[in-house]
Visitor: 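Attaching a single structure in structure tokens format; questions to follow.
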Amino acid sequence: MNKSNSIKYLLLTLTTSIFISETLVMLLIDMLPPLLKWQESLLDATLLSILVFPAIYLFAFRPLKIQIANYARSEAQLRIAAIAFEGQAGIMITDANANILKVNKTFTKLTGYSNKDVIGKNPRMLSSGRHDANFYSRMWENINNTGSWEGEIWNERKNGDKFLEHIIITAVKDVNNIISNYVGTLTDITASDIAAKKIKHLAFYDPLTGLPNRALLQDRLKLALASTQRNELHGALLFIDLDNFKSLNDTLGHNMGDLMLQQVAERLLANVREIDTVARLGGDEFVVVLENLSEDVNEAAGQAELISNKILEALSHPYSMVIHNYQSTASIGITLFNRHKKNIDELLKQADIAMYQAKASGRDKQRFFDVQMQTNIENRVLLEKQLQQALVENQFILYYQPQVRHNGQIIGAEVLVRWRHPQRDIVSPLDFIPLAEETGLILPIGKWVVNSACAQIKKWENKTLTQHLQLAVNISARQFHQTNFVDEISQIIDHIGIKPEKLKLELTETLVLDDIDDTIVKMTALREIGVHFSMDDFGTGYSSLSNLKKLPFDQIKIDQSFVRDIINSPDDAIIVQTIIAMAQNFNIDIIAEGVETEEQRAFLEQHNCPTIQGYLFGKPMPIEQFELLLNAKPNST
Ligand code: C2E
Ligand code: CA
Ligand code: CA
């Protein structure tokens, strides 16, 4: 017993001195009885110590050391688990029958239920009623089949508030692979769900009117096109643009503009069916998509027209703008689609083109898109591009049409621009001047014409045959109404160094009347430096005599439409005679254009119109030809 006591003591000190661990000591003590039994049969304690200590080391101590390390590790894991358990997520642990065993503090914070409230209960006590039985049975099926389920569930807090949680439910299995527990980890995502919805709303809806925006419209159109693939029906796309919205914005301010746009949105919604889409593209542009129109294209067009008329009507009623009412109208472009159509962008483009046609035909109108319309537009776009190119590549030339006395003496010419198009014949100004005026390209083109005419005058300056010639240049309204028009002309004159009176500017009646005060100022300024003016196309506009008196014109040009019928139409003959008499009265020079026959010339001579221009004496021609003509008429000086 002594010996056994000493061994016990030895072992105890040894082990406790190395590892002060309660568990270790307990385990060693457990191992002692068989060990002591075995040493009793031994005689020598020394032998015992020689044999036993390595054995203890090998068979007991080393495994113990490993076990202790494991223990320490699992303790750390437990600590981690404990910290994790009380982390940011709510946790609920149930038994195999889904009766709650334990919940953490976050769970309580989230749901309002404490451990006490929930222990032994089924998690369905949290149910909000927003999911049906199917939802839960699918969830459980998934957990039991795959071991887990993850998703979003609307639950209810103790105070009755509903909340959206993201939950991961994991089944825990025991050593026999039988489910022993379920662990649910839940986070409240109500706030982020609301935020996400808000973001989604911002991404797809116009904040001002609440209508779908361009992105959502694209989606809806995609669906509408897809549905025409299935049925044989038509749909229509209406492009709506408010008339003169910009001026409302400018005069009454953007707040009033916003107010109006909101009312427009309401009226649009009120005038379409439930299945139709009303969207705002931005600014004052709205789009309506009509679905399920007739299978028959004409009938469908009729239906679209009806709704679009209703919309025009609705949009023309006064808008209440806080202090007063505001009257406005809209223009609508319509294009139809069915299963054979089309790409969304193309549809939008077509409706947009049709809308511009509606505007061009006087506003408060609707127009349907058709192919001819598109061709015209595309041609214009192409022409505009080519016109720009023409300027860069110097493709314009001037033709000269002689202006003569009755004896055939050439006193000058009207310069008329031509376009030497690289792929076409010479292009008439009638085919490109209107577009140039619309696009503003008339400004550089017009400047080029004035420059070229002045350069020609300069070339003629020192030749006796040509130095007296005056050139008439057509000036378009847009060019004349530029603020720096006077400067531009006088700079060209100065720069090239010509006598200003050799330049005659032709202004039309409509140009002059457009802004008569501006006209007077500019004409007077240029008249002062010596430039001459001729009133082109006289008789076609509405100039009154008093207007004519106010304006410093040197010449009136009788329009060719009167000259044409001068012989056959007594009315025209009288008009021409009256114009001539009036001009003489005001001491203004006079010229008649479009003189094609000897009879016309004779009439004009007889009625004292001293100067004439027309095919009878020469069509507009290139400079070489014009100079040949001058040389052929040496008596013209
Ligand atoms: P416009 O100023 O009234 O020019 C007279 C037009 O009548 C010219 O047509 C001329 O060729 C044509 N004409 C002249 N004599 C006769 C005639 O006896 N019979 C007939 N049937 N026609 C005659 P064009 O050259 O085609 O020019 C057409 C219009 O283009 C011009 O009308 C003018 O408004 C515009 N235009 C031409 N050149 C210019 C330019 O350099 N600048 C601007 N802004 N417009 C121009
Ligand atoms: Ca002219
Ligand atoms: Ca004319």
Side-chain angles (χ1 to χ4, degrees), residues 396-406 409-418 428-430 433 442 445-461 466-477 479-480 485 488-490 492-493 496 498-512 519 522-523 526-527 529-541 551-560 563 579 583 588-595 604 609-623 625-627 629-630 636:
F396 295 111
I397 44 166
L398 288 185
Y399 273 26
Y400 295 75
Q401 183 174 34
Q403 298 188 330
V404 302
R405 299 267 185 228
H406 287 281
Q409 179 193 359
I410 299 176
I411 56 161
E414 177 178 5
V415 298
L416 295 150
V417 70
R418 298 286 181 270
S428 152
L430 297 173
I433 293 284
I442 191 66
I445 295 175
K447 193 173 173 184
W448 176 88
V449 172
V450 175
N451 243 309
S452 308
C454 291
Q456 191 55 57
I457 291 170
K458 184 74 188 170
K459 275 190 201 161
W460 283 339
E461 197 177 57
T466 53
Q467 61 191 185
H468 65 286
L469 296 172
Q470 190 185 42
L471 286 183
V473 174
N474 293 287
I475 301 295
S476 81
Q479 207 180 342
F480 184 80
F485 179 73
E488 189 177 292
I489 298 295
S490 45
I492 293 173
I493 290 171
I496 299 180
I498 58 157
K499 290 186 184 131
E501 62 272 17
K502 296 288 172 249
L503 181 65
K504 181 164 68 182
L505 303 183
E506 291 197 3
L507 309 180
T508 62
E509 269 189 279
T510 28
L511 175 159
V512 161
T519 307
K522 285 178 174 157
M523 281 183 74
L526 286 169
R527 193 70 191 70
I529 62 169
V531 176
H532 282 220
F533 285 97
S534 178
M535 187 183 260
D536 203 357
D537 304 341
F538 191 80
T540 56
L551 299 161
F553 275 106
D554 303 271
Q555 186 182 60
I556 284 173
K557 194 178 217 185
I558 303 172
D559 189 62
Q560 47 184 294
V563 176
I579 295 174
I588 295 178
D589 185 22
I590 192 144
I591 184 169
E593 72 176 339
V595 182
L604 290 163
C609 172
T611 327
I612 40 192
Q613 174 185 347
Y615 291 173
L616 183 63
F617 317 99
K619 290 193 170 180
M621 57 191 90
I623 185 66
Q625 225 173 306
F626 182 70
E627 285 182 336
L629 196 69
L630 288 171
S636 63

Visitor: Side chains of L503 and C454, heavy atoms from C-beta outward: is any pair under 4.5 Å?
Guide: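 A side-chain contact exists here, since the closest heavy-atom pair is under 4.5 Å.
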
Visitor: Do you know the tightest heavy-atom contact between G412 and F626?
Guide: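 So the two residues come closest at O-CZ, 4.0 Å.
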
Visitor: What's the separation between atom CD1 in I623 and atom CG in L398, rounded to the nearest 0.5 Å?
Guide: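 I623 CD1 to L398 CG: 8.5 Å, rounded to 0.5 Å.
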
Visitor: How long is the gap from CG on L416 to NZ on K619, to the nearest 0.5 Å?
Guide: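 Rounded to the nearest 0.5 Å, the CG-NZ separation comes out at 13.0 Å.
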
Visitor: From D537 CG over to K557 NZ, what is the distance, rounded to the nearest 0.5 angstrom?
Guide: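 That separation rounds to 8.0 Å.
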
Visitor: A side-chain contact here means heavy atoms from C-beta on lying under 4.5 Å apart; do Q555 and H532 qualify?
Guide: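 The answer is no; the side chains never approach within 4.5 Å.
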
Visitor: Applying side chain to side chain contact (heavy atoms under 4.5 Å, CB included), run through F617 and L629 and close with a yes or a no.
Guide: CA-CA 10 Å; F617 317 99; L629 196 69; over 6 Å; no

Visitor: List the atom of A472, the atom of Q403, and the distance in Å for their closest heavy-atom pair.
Guide: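 Heavy-atom minimum between the residues: CB-NE2, 4.2 Å.
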
Visitor: Do N451 and I496 pass the side chain to side chain contact (heavy atoms under 4.5 Å, CB included) test, and can you show the C-alpha distance, the side-chain angles, and the key distance before you say yes or no?
Guide: CA-CA 8 Å; N451 243 309; I496 299 180; 3.4 Å; yes

Visitor: Angle class for the F396/W448 ring planes (parallel below 30°, perpendicular above 60°, tilted otherwise)?
Guide: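 Answer is tilted, since the angle falls between 30° and 60°.
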
Visitor: Report the distance from atom CG of L471 to atom NZ of K504, rounding to the nearest 0.5 Å.
Guide: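 Reported to 0.5 Å precision, the distance equals 9.5 Å.
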
Visitor: Indicate yes or no for a side-chain donor-acceptor contact from D554 to the backbone of F533 under 3.5 Å, with no hydrogens or angles considered.
Guide: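 Flag set: sc D554 to bb F533 pair under 3.5 Å.
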
Visitor: Contact between I433 and S476 at the side-chain level, heavy atoms closer than 4.5 Å - yes or no?
Guide: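 No - every pair of side-chain heavy atoms lies 4.5 Å or more apart.
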
Visitor: Do D536 and I475 have side chains that get closer than 4.5 Å, going by heavy atoms?
Guide: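 Sidechains of I475 and D536: no contact.
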
Visitor: Side chains of Y400 and P620: closer than 4.5 Å at any heavy-atom pair?
Guide: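 Side chain of Y400 against side chain of P620, heavy atoms only: no contact under 4.5 Å found.
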
Visitor: Rounded at 0.5 Å granularity, tell me how far CD in Q479 sits from CD1 in I489.
Guide: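 It comes to 6.5 Å.
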
Visitor: Hydrogens and angles aside, do R405 and T611 bring a side-chain donor and acceptor to less than 3.5 Å of each other?
Guide: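 There is such a pair between these side chains.
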
Visitor: Walk me through whether E593 and D559 qualify under side chain to side chain contact (heavy atoms under 4.5 Å, CB included).
Guide: CA-CA 6 Å; E593 72 176 339; D559 189 62; 3.5 Å; yes

Visitor: Main chain of F480, side chain of K522: is a donor-acceptor contact present, judged purely on distance under 3.5 Å?
Guide: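 Checked: pair present.
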
Visitor: Using modelled atom types and a 3.5 Å cut-off, is there a donor and acceptor pairing between side-chain atoms of Q470 and backbone atoms of K502?
Guide: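 Side chain of Q470 to backbone of K502: no pair is present.
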
Visitor: Could you go through the side chain to side chain contact (heavy atoms under 4.5 Å, CB included) check for F553 and M523 one step at a time?
Guide: CA-CA 8 Å; F553 275 106; M523 281 183 74; 3.8 Å; yes

Visitor: Using every non-hydrogen atom in the two residues, find where V512 and T519 come nearest and quote the distance to one decimal.
Guide: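 Minimum heavy-atom separation between V512 and T519: O-OG1, 3.2 Å.
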
Visitor: Which heavy-atom pair separates I529 from S490 by the least distance, and what is that distance?
Guide: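 So the minimum-distance heavy-atom pair works out to CD1-CB, 3.6 Å.
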
Visitor: Taking atom types as modelled and ignoring hydrogens, do the side chains of E414 and Q401 form a donor-acceptor contact shorter than 3.5 angstrom?
Guide: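 Looking only at side-chain atoms, Q401 and E414 do not form any donor-acceptor pair under 3.5 Å.
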
Visitor: Return yes if some donor-acceptor pair links the side-chain N/O of H406 with the main-chain N/O of C609 below 3.5 Å, else return no.
Guide: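 Such a contact is found between H406 side chain and C609 backbone.
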
Visitor: Taking the side chain as every heavy atom from C-beta outward, state whether P429 and R418 have any pair of such atoms under 4.5 Å apart.
Guide: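 P429 reaches R418 side chain to side chain.
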
Visitor: Nearest 0.5 Å please: distance from the CD1 atom of I612 over to the CG atom of L604.
Guide: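 So the CD1 of I612 and the CG of L604 are separated by 6.5 Å.
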
Visitor: Quick one: are L469 and L630 in side-chain contact, heavy atoms under 4.5 Å?
Guide: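 The answer is yes, as the side chains (C-beta and beyond) meet within the 4.5 Å cut-off.
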
